[in-house]
There are 4 protein chains.
Amino acid sequence: MAARRKLRGGMVGGGHGSFIGAVHRMALCMDGEAELVCGVFSSDVEKSRAFAEGLYLDPARVYGDYTAMARGEAALPSEQRIDFVSITTPNDSHFAIAKAFLEAGFHVVCDKPMTCSLAEAKELAHIVRQSGKVFALTHTYLGYPMVKQARHLVREGSLGTVIKVLVEYPQGWLAPLLEGDDLTFPVWRIDPARAGPSCCIGDIGTHAESLVRYITGLQIEELCADLSYYIPGNRLDDDGNILVHYHGGAKGVIHASQISTGEENGLNIRIYGTRRSLAWRQEQPDTLALKDMDGTTTTYSRGSPLLCEAAKCASRLPVGHPEGFVEAMANIYLETFRAMSAQQDGGPSPTGDFPTVDDGVLGMAFIETVVASAVSDRKWTKLLI
Amino acid sequence: MAARRKLRGGMVGGGHGSFIGAVHRMALCMDGEAELVCGVFSSDVEKSRAFAEGLYLDPARVYGDYTAMARGEAALPSEQRIDFVSITTPNDSHFAIAKAFLEAGFHVVCDKPMTCSLAEAKELAHIVRQSGKVFALTHTYLGYPMVKQARHLVREGSLGTVIKVLVEYPQGWLAPLLEGDDLTFPVWRIDPARAGPSCCIGDIGTHAESLVRYITGLQIEELCADLSYYIPGNRLDDDGNILVHYHGGAKGVIHASQISTGEENGLNIRIYGTRRSLAWRQEQPDTLALKDMDGTTTTYSRGSPLLCEAAKCASRLPVGHPEGFVEAMANIYLETFRAMSAQQDGGPSPTGDFPTVDDGVLGMAFIETVVASAVSDRKWTKLLI
Amino acid sequence: MAARRKLRGGMVGGGHGSFIGAVHRMALCMDGEAELVCGVFSSDVEKSRAFAEGLYLDPARVYGDYTAMARGEAALPSEQRIDFVSITTPNDSHFAIAKAFLEAGFHVVCDKPMTCSLAEAKELAHIVRQSGKVFALTHTYLGYPMVKQARHLVREGSLGTVIKVLVEYPQGWLAPLLEGDDLTFPVWRIDPARAGPSCCIGDIGTHAESLVRYITGLQIEELCADLSYYIPGNRLDDDGNILVHYHGGAKGVIHASQISTGEENGLNIRIYGTRRSLAWRQEQPDTLALKDMDGTTTTYSRGSPLLCEAAKCASRLPVGHPEGFVEAMANIYLETFRAMSAQQDGGPSPTGDFPTVDDGVLGMAFIETVVASAVSDRKWTKLLI
Amino acid sequence: MAARRKLRGGMVGGGHGSFIGAVHRMALCMDGEAELVCGVFSSDVEKSRAFAEGLYLDPARVYGDYTAMARGEAALPSEQRIDFVSITTPNDSHFAIAKAFLEAGFHVVCDKPMTCSLAEAKELAHIVRQSGKVFALTHTYLGYPMVKQARHLVREGSLGTVIKVLVEYPQGWLAPLLEGDDLTFPVWRIDPARAGPSCCIGDIGTHAESLVRYITGLQIEELCADLSYYIPGNRLDDDGNILVHYHGGAKGVIHASQISTGEENGLNIRIYGTRRSLAWRQEQPDTLALKDMDGTTTTYSRGSPLLCEAAKCASRLPVGHPEGFVEAMANIYLETFRAMSAQQDGGPSPTGDFPTVDDGVLGMAFIETVVASAVSDRKWTKLLI
């Protein structure tokens with residue numbers, strides 16, 4: 001990488017009580033390639049300042065809102081101002097914040113889902129293209145080394161032709177609401193005004209869909225979605241089962257749930273080819289199973305010298321020393337840093353092994369198609385794109 | 001149980017090359033409650049005799065066909081003739097054989113799926129009722145002790161209200177056909193004349209459906225089925241993904257497959273309630289996981305003193321001494337033996353903890369509904385019953 | 001095999017409350033190669049008869065004691081009398097019973113440990129040799145197919161040179177006695193008069209030792225044993241940790257325990273070679289892991305076409321259909337049946353893939369050496385043989 | 001915590017090719033509580049500067065050797081100079097470096113084993129006490145949240161009285177040397193001049209011993225050690241099996257190995273009490289199993305609200321989002337930061353939940369006792385302290 005200096009980042013959102021904000025901050029700095037220097041952590045500037053103090057930020061770089069931050073940072077001398085912003089607010093503000101920073105000349109790292117509608121997503125893609133800046137969408141799970149190894153094995157043909165993909169994302173964190181118990185934290189995800197058209201599919205179904213697409217390259221042709229609203233009074237889905245046809249003949253099932261009592265963060269994928277199959281589980285991310293027809297399974301470990309370059313490159317520790325979720329997120333960041341540095345060095349093409357605004361557009365198309373199918377009596381529906 | 005003598009069984013089918021025939025024979029005798037004394041093991045009587053010799057059967061009790069066997073056994077004195085017949089032929093002959101033996105006054109143990117059509121199934125149910133004999137359908141997996149414990153936990157309310165059920169049955173044994181490789185054994189299951197309207201759903205999808213029904217009591221209201229025909233030239237389904245709505249509001253996904261490369265016999269079920277959830281895997285049948293909202297999982301072992309009576313009763317060995325598939329089948333047999341003995345002793349009601357002809361009717365209704373949905377553009381379809 | 005008739009067996013011991021007696025009976029008959037026709041199931045002949053009635057045995061073949069049985073059976077015409085006896089009594093009577101039946105001309109299947117002393121064991125070996133009959137010691141775990149595959153992989157050199165072996169056998173069934181709770185069943189194993197010089201090592205330590213020897217062929221040169229007597233008032237060991245040096249330079253650790261709270265029947269072995277290593281767990285007996293230096297593990301499944309002949313031959317069901325403890329015991333029986341039939345057919349050498357009286361001698365040598373080391377201040381002690 | 005500023009750290013060692021140096025750097029900064037500002041990364045100052053450039057350090061703070069660094073930093077104004085140094089050199093220099101920095105007034109974080117001899121260790125303990133500074137030894141594994149939960153469960157009596165402890169630490173990274181293959185990296189650990197009296201026990205056996213002590217509080221009374229030197233030409237142990245007696249009557253087995261082919265970083269511990277037992281595996285650090293006598297196992301997940309305060313405090317992410325080795329190390333650092341800040345704030349007692357110099361003394365006593373036992377014909381030997 002060999003940038004001559006650490007990159008400087010700012011953050012919008014991610015203040016008190018935010019899980020993903022903390023993850024972004026750890027991921028941003030853990031490899032020593034960047035530091036957080038400014039931010040807006042609350043709509044209440046006093047709260048924002050108090051929070052920033054805990055991060056040891058310069059109080060002068062804590063802004064009242066994202067507009068002020070974009071303007072203020074742009075006005076700083078180049079040796080002080082940020083290179084990029086990380087957006088970790090609820091979904092409804094992603095578009096406006098991303099737009100503001102891109103137009104002010106900053107790279108953007110944005111949490112998912114990208115926007116609240118497909119239309120917004122397409123407009124954002126246009127803005128990104130106009131800006132020429134790096135835009136990364138943090139589908140964290142794509143940063144795991146063994147996901148990259150899975151992609152490699154599929155792409156090199158180890159599986160033969162992929163004919164079936166099962167991807168699941170069961171969680172149980174909303175389950176206490178089923179019988180009226182309270183959660184110990186506020187939930188903006190079930191509020192349509194903040195979350196957009198979907199709760200469960202928007203929050204985690206898109207992770208599942210992006211995982212299939214990243215590993216296999218398969219594109220959805222049509223789908224049939226059965227969304228559920230188990231939580232009393234819920235206006236957004238908290239669970240969904242989806243049958244999928246991919247272009248080229250492969251089929252699949254996606255299910256995602258936030259009310260699957262007792263499940264933790266059970267994203268997992270099984271990919272069946274005409275020769276072999278693959279299985280990976282996010283909760284044990286350091287191994288990948290390749291199953292053969294002959295009754296043997298080969299399990300690869302992160303850290304193995306046999307892995308592909310992308311998997312090795314995304315790995316910090318030797319076999320047997322677990323890496324986790326923060327490292328996966330940090331891998332997304334490292335790839336964006338590479339792209340940012342390449343551009344600083346005059347390189348033309350801010351690309352790399354990270355999800356882009358185009359992935360975000362496909363993600364929003366997936367969400368809107370799922371909702372469209374569900375509300376039209378769960379009919380098979382072509383991908384709206 | 002305490003019958004004064006071992007029960008005597010005969011077998012139709014299950015000769016050379018039959019996997020399930022061998023399982024029935026081991027299950028029938030392993031607990032010392034019954035013995036096999038006669039049979040028809042091939043349509044070629046010479047082959048049948050040669051096979052029977054390996055079983056040490058009396059050559060006089062090897063018959064040329066099932067009609068001769070039903071007639072011949074019925075003509076024997078009561079201290080010699082069989083009590084029951086085990087039917088392990090391909091699906092297309094189940095109905096006729098069962099009818100013949102029931103009408104000749106014998107109990108019947110029949111492999112699944114029960115018949116080749118719902119109409120036949122209903123007729124068979126009528127015949128069974130008329131006969132007053134025991135009729136058991138060998139959904140082997142219902143014989144596992146931890147399946148009984150799962151049923152117990154659901155029924156006693158440990159899960160709260162069941163809202164979602166995921167049941168999977170991936171196998172890979174037909175996968176070599178995907179790219180034109182040969183199997184090492186003949187496959188009548190892909191022949192519509194022998195197998196009936198479905199291969200994959202008929203063979204293993206019904207196991208999955210019966211497992212859900214046995215444990216939870218849920219009845220299917222409607223479903224949407226996406227069947228696949230991946231094997232070149234296949235006229236019957238080799239894979240299916242099915243969305244299900246159960247009466248009362250629970251939803252589910254069933255997928256079954258015979259072309260999931262590298263999978264062995266991966267039947268598994270996850271049942272989500274409003275309070276807790278359950279997970280059980282056939283390939284590790286001796287444990288059952290009960291998951292709580294609080295981040296703990298309790299794993300029960302077969303053999304534990306905490307299990308329900310039905311689970312304890314279906315268990316032979318202490319914890320840590322694995323029991324398997326044959327024992328599960330033997331549990332089905334033991335329950336039918338109890339019913340047969342109860343009837344011998346003058347009891348009125350030949351029931352017990354085994355799948356009956358009514359389960360067979362529901363199984364055929366499931367198969368026909370799945371096929372109907374699949375061929376009508378994968379539309380949501382009410383259960384045909 | 002193709003014997004012209006089923007073999008006939010008798011049993012001494014294994015009556016009411018005996019776990020292992022029931023296992024022997026199921027194993028004996030489940031493959032249809034033998035039947036149980038007579039026995040002594042209690043020292044109280046009335047209890048014995050009542051028990052035998054539940055087995056549907058001819059009351060005339062229920063004997064008052066083993067002497068009467070050996071004499072009575074020998075007096076029967078050859079088409080009625082037993083071929084073999086299964087001895088499932090406490091350890092202290094194995095020697096006398098085996099001697100009686102061998103001298104009466106019967107084959108013997110005997111539970112382990114073989115005798116109560118090395119001297120007795122050597123004498124029994126002499127008697128067996130004199131008799132020319134088949135003598136099998138039921139180290140059940142050697143009957144598992146994947147144990148045979150492990151043996152095959154070691155013997156064919158897949159591991160390179162074996163340098164280290166870890167074998168563990170933790171159980172917890174005596175743990176309730178630690179704090180004075182009662183067991184729900186009587187325990188003769190902690191009584192020196194019935195069990196011999198050791199409880200834990202005699203009962204399960206010998207299984208561990210025989211497993212190492214069967215798979216690797218390694219012979220113990222010297223050992224250092226730390227036995228424990230955790231149960232208040234216990235005169236025999238309930239736990240032992242043993243360091244081992246094998247002839248040829250390999251080293252190992254054996255630990256066995258009956259007071260390891262919460263453990264079920266956790267026999268497991270790990271074998272390290274200079275090129276690869278193996279791991280097998282009895283509680284999940286159908287898989288075997290082969291670990292490479294390169295960060296990959298290959299898992300073999302029982303039923304795979306890649307397995308060695310012995311593993312395939314010991315397997316009844318396809319991959320994914322679990323086999324368990326009874327099947328493992330049945331495999332020991334099947335091998336003895338092959339040897340018995342071979343001898344009937346005039347073959348000279350009653351051998352096969354089952355543990356013999358010589359394994360029993362080595363097992364008793366192991367027990368006596370462990371006890372000798374433990375009582376002499378846990379000194380390193382050469383194998384007493 | 002609420003220090004008013006980030007703490008500043010320096011590093012000695014951990015340059016090109018160092019695995020543990022990179023871990024220290026990530027752990028030091030990932031929580032945003034400290035930053036690395038200076039160091040000596042090689043005995044060759046040019047290499048050191050080149051390496052430091054990749055870390056974006058100020059070239060003026062890259063020193064030629066540790067003496068210059070201690071002196072140089074001490075001479076800086078307090079708002080610039082470091083608060084602490086991290087020592088990640090080979091074992092032979094730990095003592096001198098730690099001494100230099102302590103005497104120059106800096107806190108010290110030191111990798112393990114602490115020194116090359118027990119005598120040095122005791123002297124260092126004296127120096128630490130004299131200095132009044134924080135001294136932490138990075139037994140990384142003690143930083144895992146579920147290790148803290150295990151400690152909590154033992155200490156609160158959930159297990160009853162602990163009577164047996166099995167701790168294993170198999171690795172395979174030196175196995176290629178067994179048959180003369182090369183490693184892809186230099187190995188100072190097998191050089192007595194750098195590593196001290198032991199390779200395997202010094203490097204990883206001490207981790208195993210410290211894990212037992214941390215969780216259970218048990219202190220070794222005597223031990224019997226069988227060390228091996230499998231690698232041709234090896235002067236230090238590459239494998240060891242050790243029987244242990246703890247004060248108070250508990251017993252145990254420790255085995256550690258660097259030549260266990262195919263093993264990765266398999267540290268694991270099983271703790272048996274009179275009421276329940278615990279099992280934890282470092283390779284899946286986020287779960288902890290509590291086994292009961294009744295045939296149930298309760299599995300706790302990191303992130304569960306049921307965990308003890310120390311486990312919750314050491315956890316960053318919700319259940320199901322894996323944390324790993326770097327986070328465990330970061331937890332050690334966070335605790336030392338709390339102690340450093342407490343001292344800055346005038347607090348008297350620089351303690352916390354991290355391993356101290358006294359743990360290092362016990363670790364060196366363990367190593368010397370193991371070696372003493374091994375070289376004196378593997379005799380039982382009292383702990384040398």
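A note on names: the letters A, B, ... follow the listed sequences, proteins ahead of strands, and every chain is numbered from 1.
Between A:Arg378 and B:Glu222 there is a side-chain heavy-atom pair separated by less than 4.5 Å. In this structure, the side chains of B:Cys224 and A:Cys224 come closer than 4.5 Å at one or more pairs of heavy atoms. Taking 4.5 Å as the limit, some side-chain heavy atom of A:Lys251 sits within range of a side-chain heavy atom of B:Asp226.
Between B:Gly160 and A:Glu179 the shortest heavy-atom distance is CA-OE2, 4.5 Å. Minimum heavy-atom separation, A:Asn241 to B:Lys164: OD1-NZ, 2.8 Å. Shown here for B:Gly249 and A:Tyr230, the closest heavy-atom pair between the two residues is O-CE2, 4.2 Å. Smallest separation of non-hydrogen atoms from A:Leu243 and B:Ile242: CD2-N, 4.4 Å.
For a residue to count as touching a neighbouring chain, one of its non-hydrogen atoms must lie under 4.5 Å from one of that chain's; by this rule B:Leu177 does not touch chain A.
The pair B:Asp377-A:Lys379 does not count as a salt bridge, with every side-chain nitrogen at least 4.0 angstrom from each carboxylate oxygen.
With respect to chain B, the highest number of heavy-atom pairs below 4.5 Å among A:Gly172, A:Pro176, A:Ser257 belongs to A:Pro176. Among B:Asp292, B:Ile163, B:Val253, the residue with the largest count of heavy-atom pairs under 4.5 Å with chain A is B:Ile163. Most heavy-atom pairs under 4.5 Å with chain A: of the set B:Leu178, B:Thr274, B:Ile259, B:Leu290, this distinction falls to B:Thr274. Interface summary for chain A: among B:Thr297, B:Asp239, B:Thr296, the most heavy-atom pairs under 4.5 angstrom belong to B:Asp239. Interface check for chain A: of the options B:Arg275, B:Arg276, B:Glu263, B:Glu264, the most heavy-atom pairs under 4.5 Å are formed by B:Arg275.
B:Trp380 meets the side-chain hydrogen bond (donor to acceptor under 3.5 Å, both in side chains) test with no other residue; sequence neighbours excluded. The salt bridge (charged side-chain N to carboxylate O under 4.0 Å, His left out) search around B:Glu368 returns none, not counting sequence neighbours.
Put simply, the side chain of A:Thr261 never gets that close to the backbone of B:Ser277: no donor and acceptor are under 3.5 Å apart.
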